[in-house]
Amino acid sequence: MPALKKIALTITSAALLSGFVLSPAAAADKDTSDDKQPKPPSTMSSLGGEQLGKAGTQVNLGPGAPVLPKKLSGRSWIVADAESGDVLAAHNSHWRLPPASTLKMLFADTVLPALQPTTLAHKVTENELSGVGEGSSLVGIKEDHTYTVHDLWLGVFLRSGNDAVHVLSEMYGGVQKTVDAMQAHAEELQALDTVVVSPDGYDAPRQVSSAYDLTLIARSGLQKKDFREYAATASADFPGEKKKGKKRESFEISNTNRLITGDIGVDPYQGIAGVKNGYTTHAGNTFTGVAERNGKVLLVTVMNPSAEESHAVYKEAAHLLDWGFAASGKVTPVGQLVPPRSLDTGTGIGGKGATPAAGAVQGPGGKAEATHASASNGSSGVGTALAIIGGLLVVLAAAVFLVNRRWPMAGRTRGTETDATETDATETDATAAGTKDAEDTGTAQHTGKAGKSAEDTGEAGKDVEDTGKDVKGDPEGAGATASAAPTDKS
């Protein structure tokens, strides 16, 4: 009997061993945590450098350089020196993905210069709000009410209001004209992964951008003083409803960028100065930011992190900024942020795929005071980055961009340029509304008209842009007013 037992054990052991030897892939599959995650395309643009066209993480560490942060879950990300254009590290940076409201940076960079002065007043019509998509993030614009251009831009930058985007688009000449102009401007900036379908970033078929492109767009927008100041505004008063026989009311709106305003589990980032965050059903959370520390200015973009933790997009962006400041001067760039076509001197920093994305429509080439994110708020942890540091924001010199380090002054509150004092609109908790596409709202969001709160996508109720909740986390904007249409709380 002992001999038989030994033989049986030997046979069993051999069978088990052969199973592992012959099927290593099957055993490995059980330990693979990201099998269900989409994979980047095998071929991507290499505009800006050959390494940028490669899938996966690209970094060239030198002596003394810190390793990249662990557990970065973004499908695509990039961190770059805003002055030199050096890309310090990247991960699938040319992967064409839905951008959500980060596309509003391109909208502002395109339209803002044309709608001047910002004191210009405009009375909103019903038709101007009719195209706002189902479940959109809103600032609370009402028809038959008058707003200044300044008011509307506050609504775009702080509350990511698609209602404000549509009104400004109509003032510009219509939504289609705006989309065409945005596409043409993207091509001028060499943001060639980008296809614009809706001006507000609401999910739409074929609408895509990339971490690389969004960083180029932010860099261009930050040339403009108004863009820079709006992007860095933490809170402002916004005109509310005008009731007969009463003074027009106002309500406070706060920036939905959590690295500026902070939230549970995420602190304001030291040196942050903008730029834009977003969320839709298909895009997930997206974010582009700019920060300054000890004279160094960095840009970061993170798209669609898969991490389950709350505010993952902000935390990963902050980790990348920390790494970038620590690694500056200790890494060899993996690529470059290219200059606009009109300023491109042919320095050979382009690469394969330097053509517009498939589907792109190629075009020809006061009373207001603001609270800006700043270190003067010692308790906020934002840091000293927004003090005046001088120079033009972006200047082309010898084919190299130099970024101005003059950020808006701290400790001021940016208000409206209309006579508005109190708020009247009812504030509803967005988390109770179940919206499907609202944008990272931090304070009360007010709807203009029931049923007109959706973003311009082809599918009603598909997207809640930047709503009061991070896609993976807790409510970001308890108290945000939701539209009548269902919206996504996550």
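Remember, predicted model here, so these are calculated numbers, not experimental data. Every heavy atom of this structure was used, including side-chain atoms; hydrogens, water molecules and symmetry mates were not.
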Can you tell me if Thr288 and Thr102 form a side-chain donor-acceptor pair at under 3.5 Å?
no
I need the Gln270 CD to Glu292 CD distance, nearest 0.5 Å.
9.5 Å
Any salt bridge between Lys104 and Asp200, counting N to O under 4.0 Å?
no
CA sep, side-chain torsions, deciding dist, call: Asp109, Ser220, side-chain hydrogen bond (donor to acceptor under 3.5 Å, both in side chains):
CA-CA 7 Å; Asp109 195 34; Ser220 174; 2.7 Å; yes
Are Asn277 and Tyr314 side-chain neighbours, meaning at least one heavy-atom pair lies under 4.5 Å?
yes
Side chains of Leu189 and Arg219, heavy atoms from C-beta outward: is any pair under 4.5 Å?
no
Between Asp163 (side chain) and Ile141 (backbone), is there a donor-acceptor pair under 3.5 Å?
yes
Would you name the heavy atoms of Leu52 and Leu47 that are closest together and state the gap between them?
CD1-O, 3.7 Å
Measuring from Leu298:CG to Thr215:OG1, what's the distance to the nearest 0.5 Å?
11.5 Å
Does Val266 offer a backbone N or O that forms a donor-acceptor pair with the side chain of Asp263 under 3.5 Å?
no
Provide the closest heavy-atom pair for Asp193 versus Ser210 in the form atom of the first, atom of the second, distance.
OD2-OG, 2.7 Å
Applying side-chain contact (heavy atoms from CB on, under 4.5 Å) to Thr301 and Tyr212, what does each step give before you reach the verdict?
CA-CA 8 Å; Thr301 296; Tyr212 185 87; over 6 Å; no
Side-chain (Glu252) to main-chain (Ala236) donor-acceptor, under 3.5 angstrom:
no
So, for Val331 and Leu61, which heavy atoms are closest and what is the spacing to 0.1 Å?
CG1-CD2, 3.9 Å
Hey, does Met171 have a side-chain heavy atom less than 4.5 Å from the side chain of Val111?
no
Within a strict 4.5 Å, meaning less than it, do heavy atoms of the Thr110 and Tyr172 side chains meet?
yes
Does any N or O in the side chain of Asn92 come within less than 3.5 Å of the main-chain N or O of Arg75, such that one atom is a donor and the other an acceptor?
yes
Correct closest heavy-atom pair for Pro199 and Val179 would be CD-CG2, 3.8 Å
Between the side chain of Gln190 and the main-chain N/O of Ala186, is any donor-acceptor distance below 3.5 Å?
no
Flag side-chain contact, heavy atom, 4.5 Å: Val59 against Leu68
yes
Is the Tyr147 to Trp153 ring centre distance short of 6.0 Å?
no
To the nearest 0.5 angstrom, please state how far the OG atom of Ser254 sits from the CD1 atom of Ile260.
11.0 Å
If you measure only the distance, is there a donor-acceptor pair under 3.5 Å linking the side chains of Asn60 and Gln51?
yes
Could you tell me if the side chain of Leu97 sits less than 4.5 Å from the side chain of Ser76, heavy atoms only?
yes
With a 4.5 Å heavy-atom cut-off, do Arg96 and Thr194 have their side chains touching?
no
What I'd like to find out is whether the side chain of Ile78 reaches to under 4.5 Å of the side chain of Val87, using heavy atoms alone.
yes
Determine whether a donor-acceptor pair (N or O, by modelled atom type, separation under 3.5 Å) exists between the side chain of Thr280 and the backbone of Ala283.
yes
What's the separation between atom CG in Leu115 and atom OG1 in Thr148, rounded to the nearest 0.5 Å?
11.5 Å
Under 3.5 Å, is there a donor-acceptor pair between the side chain of Asn257 and the main chain of Leu259?
yes
Determine, for Arg258 against Asp267, whether the closest basic-nitrogen to carboxylate-oxygen distance falls under 4.0 angstrom.
no
Mind telling me whether Phe157 and Tyr230 have parallel, tilted or perpendicular rings, with 30° and 60° as the class edges?
parallel
To the nearest 0.5 angstrom, please state how far the CH2 atom of Trp323 sits from the OG atom of Ser328.
9.5 Å
Working to the nearest 0.5 Å, report the span between OG of Ser306 and CG of Asn285.
11.5 Å
Heavy-atom closest pair (Ala55 atom, Pro40 atom, distance to 0.1 Å) is CB-CG, 3.9 Å
If you compare all heavy atoms of Met105 against all heavy atoms of Val275, which two are closest, and at what distance to 0.1 Å?
SD-CG1, 3.1 Å
Between the side chains of Gln176 and Asp180, does any donor sit under 3.5 Å from an acceptor?
yes
For the pair Val139 and Ile253, evaluate side-chain contact (heavy atoms from CB on, under 4.5 Å) and give the outcome as yes or no after the intermediate values.
CA-CA 8 Å; Val139 67; Ile253 58 176; 4.2 Å; yes
Side chain Glu316, main chain Ser73, donor-acceptor under 3.5 Å:
yes
Relative to the ring of His91, is the ring of Trp77 parallel (under 30°), tilted (30 to 60°) or perpendicular (over 60°)?
parallel
For a quick check under 3.5 Å, do Tyr269 and Arg293 share a side-chain donor-acceptor pair by atom type?
yes
Walk me through it: do His122 and Val167 pass the test side-chain contact (heavy atoms from CB on, under 4.5 Å)?
CA-CA 9 Å; His122 176 77; Val167 173; 3.7 Å; yes
In sequence, state the C-alpha distance, the side-chain angles, and the governing distance for Arg341 and Leu192, and then conclude on side-chain contact (heavy atoms from CB on, under 4.5 Å).
CA-CA 11 Å; Arg341 280 178 169 168; Leu192 304 179; 3.8 Å; yes
Is the shortest distance from a Lys or Arg side-chain nitrogen in Lys225 or Glu229 to a carboxylate oxygen in the other one below 4.0 Å?
yes
